[in-house]
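A short write-up of the structure that comes next.
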Amino acid sequence: MSPVTIRCFDWDRDRQAVEELDVSCEVGSPLVTVTMGDPLCRVRNSPAYQMLVAELGSKIVGVIRGSIKTVIVGTSQATVGYILGLRVSPSHRRRGIAFLLVGAIEKWFSSNSVEFAYMATQKTNLPSINLFTNKLNYIKFRQPVILVNTVSRRPIPIPSNVTVINLSVDEATSLYNKQMRCSAEFFPLDIDSILKNNLSLGTFVACRKDESWPTAKSWAVLSVWNSCEVFKLRLGRVPWYFVALAKLSKLMESVLLPCFKIRAVPALFSVFGFYFLYGLHGEGPHAGLMMEVLCNFVHNMAVKVKDSEMIVAELGGNDELRKHVPHWKWIFSSEDLWCIKALGGEGGSQGAVPEWAKATAPPELFVDPREI
């Protein structure tokens with residue numbers, strides 16, 4: 001058998017083959033990613049990124065993506081590399097191809113002075129967890145929670161005693177640097193670049209109308225990322241009765257459901273997009289209530305957008321605000337698992353477990369919208 005070659009992705013040469021590989025790897029998956037013709041969509045907005053392919057003969061049998069940024073970890077900062085989009089053709093698994101791909105992307109990280117590499121997967125994805133922890137010397141690091149809410153076709157009323165303020169990019173940058181830079185793990189040093197991105201739809205603060213901003217005693221803040229313009233999703237395996245129920249409830253929504261304030265079952269069996277909430281933070285005794293208002297405000301934004309069927313947030317497992325982010329528990333709300341590894345460079349020796357990774361997780365974890 002010919003040896004496997006790991007090389008950089010070539011747009012003209014590899015785009016179609018990589019898209020076909022991604023689709024083949026998601027057959028049977030409950031949730032399928034639709035890249036809309038751009039295999040680089042999930043890393044393209046990162047400060048630095050790379051995609052590698054595994055080639056056997058003339059066939060693409062594997063792919064991996066990676067991105068690089070500088071973040072706050074512990075009491076210092078570090079350059080970290082994020083691994084995502086690792087795929088191996090179903091007919092070529094158990095041949096060490098995933099191991100080779102990860103090793104190659106780690107080599108690219110090291111050549112760019114990356115100190116730590118990390119990855120995220122669902123806690124139920126045992127093959128991925130075993131690969132990284134048993135064979136590649138990663139350690140289990142953090143367990144954020146993913147919260148998913150559906151978008152109704154009707155706006156949710158916003159309390160009259162609460163005001164929502166749209167901050168400018170400069171105001172949002174200043175607020176995040178003041179409130180989250182020292183408290184949120186993996187806070188990105190280029191937060192201004194994220195907020196200036198065209199996909200970032202704004203940063204919003206909620207507080208009581210009788211407490212003027214920025215001196216309000218209770219307030220909450222979040223930012224919105226338009227993932228609808230990056231990639232779409234669709235359900236892979238959908239029972240026929242779910243399709244029938246969704247269509248029936250949509251039909252009834254305009255007739256009966258408004259009277260009872262019941263939300264229709266979303267039409268997730270077709271291709272749909274979502275908004276991603278990031279930079280969630282609150283202060284004061286009523287911060288949770290302010291966060292609920294903000295989430296409903298974003299819901300009302302999404303109501304106006306075609307194909308926007310979900311609002312997604314990912315928070316640290318110990319973050320108290322997770323209790324105040326509206327979500328449907330039966331739709332993909334689950335726990336992620338982050339695994340991390342020291343690669344060397346300033347601040348670490350290869351293979352050493354960083355002290356901050358062994359410490360108790362802080363309540364806040366900043367999940368970068370560019371890496372969703």
Side-chain angles (χ1 to χ4, degrees), residues 46-48 66-84 106 109-120 132-133 136-145 169-196 203 214 219-223 277-284 287 291 313-322 335-372:
S46 297
S67 61
I68 298 174
K69 62 182 178 181
T70 303
V71 300
I72 300 295
V73 288
T75 57
S76 61
Q77 64 184 54
T79 302
V80 298
Y82 180 53
I83 297 173
L84 70 161
E106 286 181 350
F109 286 158
S110 296
S111 69
N112 285 277
S113 302
V114 168
E115 300 165 64
F116 304 100
Y118 72 107
M119 54 77 72
F132 281 91
T133 59
L136 291 163
N137 299 319
Y138 284 68
I139 65 166
K140 296 178 181 179
F141 173 50
R142 296 292 182 252
Q143 297 182 31
V145 60
V169 170
D170 288 342
E171 290 171 331
T173 301
S174 176
L175 178 63
Y176 279 131
N177 277 318
K178 178 181 178 181
Q179 297 292 339
M180 297 189 75
R181 184 184 178 101
C182 296
S183 63
E185 197 166 44
F186 272 57
F187 182 83
L189 294 192
D190 66 335
I191 182 65
D192 58 327
S193 296
I194 301 175
L195 296 170
K196 291 176 183 176
T203 299
W219 57 271
V221 62
L222 59 72
S223 296
L277 309 181
Y278 70 98
L280 286 74
H281 181 80
E283 297 284 345
M291 183 57 66
E314 188 167 10
L315 291 84
N318 298 326
D319 195 330
E320 286 297 316
L321 284 178
R322 73 188 190 280
E335 287 187 346
D336 247 2
L337 175 64
W338 288 16
C339 298
I340 195 166
K341 175 183 178 179
L343 296 181
E346 294 183 5
S349 58
Q350 187 164 353
V353 178
E355 290 300 320
W356 47 266
K358 295 185 289 185
T360 302
E364 288 186 317
L365 177 67
F366 194 100
V367 180
D368 195 323
R370 299 170 298 188
E371 297 175 350
I372 298 303

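Quick caveat: nothing in here was measured; it's all calculated off a predicted structure.
Side-chain atoms of Thr79 and Ser113, non-hydrogen and from C-beta on, never get closer than 4.5 Å to each other. Between Trp356 and Ile340, the closest side-chain pair of non-hydrogen atoms falls below 4.5 Å. Two residues are said to be in side-chain contact when any heavy atoms from C-beta on lie closer than 4.5 Å; Arg181 and Leu189 meet this criterion. Using a 4.5 Å heavy-atom cutoff, the side chains of Asp190 and Arg370 are in contact. Counting heavy atoms from C-beta on, the side chains of Trp219 and His281 come closer than 4.5 Å.
The CE atom of Met291 sits 7.5 Å away from the CG atom of Leu315 when rounded to the nearest 0.5 Å. Summarising the geometry, atom CD belonging to Glu106 is positioned 6.0 Å from atom CG belonging to Leu136; distances are rounded to the nearest 0.5 Å. To the nearest 0.5 Å, the span separating CG on Asn177 from OG1 on Thr173 amounts to 7.0 Å. Distance OG/Ser111 to CD1/Ile68: 7.0 Å, rounded to 0.5 Å. Note: Lys341 NZ to Ile139 CD1 = 12.0 Å, rounded to the nearest 0.5 Å. Rounding to the nearest 0.5 Å places NZ of Lys358 at 13.0 Å from CZ of Phe141.
Here the side chain of Tyr176 pairs a donor or acceptor atom with the backbone of Gly279 at under 3.5 angstrom. One N or O on the side chain of Asp319 and one on the backbone of Leu321 form a donor-acceptor pair closer than 3.5 Å.
A donor-acceptor contact under 3.5 angstrom links the side chains of Glu364 and Ser183, judged on distance only.
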Item to check | CA sep, side-chain torsions, deciding dist, call: Val367, Ile372, side-chain contact (heavy atoms from CB on, under 4.5 Å) | outcome: CA-CA 8 Å; Val367 180; Ile372 298 303; 3.9 Å; yes

Next on the checklist: Between Ile83 and Tyr138, is the side-chain contact (heavy atoms from CB on, under 4.5 Å) condition met? List the steps.
Outcome noted: CA-CA 12 Å; Ile83 297 173; Tyr138 284 68; 3.3 Å; yes

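Considering Tyr278, Trp338, Phe366, Tyr82 as possible partners of Phe186, the one that fulfils the ring pair (Phe, Tyr, Trp, His ring centres under 6.0 Å) test is Trp338.
In terms of the salt bridge (charged side-chain N to carboxylate O under 4.0 Å, His left out) criterion, residue partners of Glu371 (sequence neighbours excluded) are, by chain and number, Lys69. Taking the side chain to side chain contact (heavy atoms under 4.5 Å, CB included) definition, one finds that Ala361 meets it with Arg142, Asn318, sequence neighbours left out.
Heavy atoms only, all atoms of each residue included: Asp192 and Val169 are closest at O-CG1, 4.5 Å.
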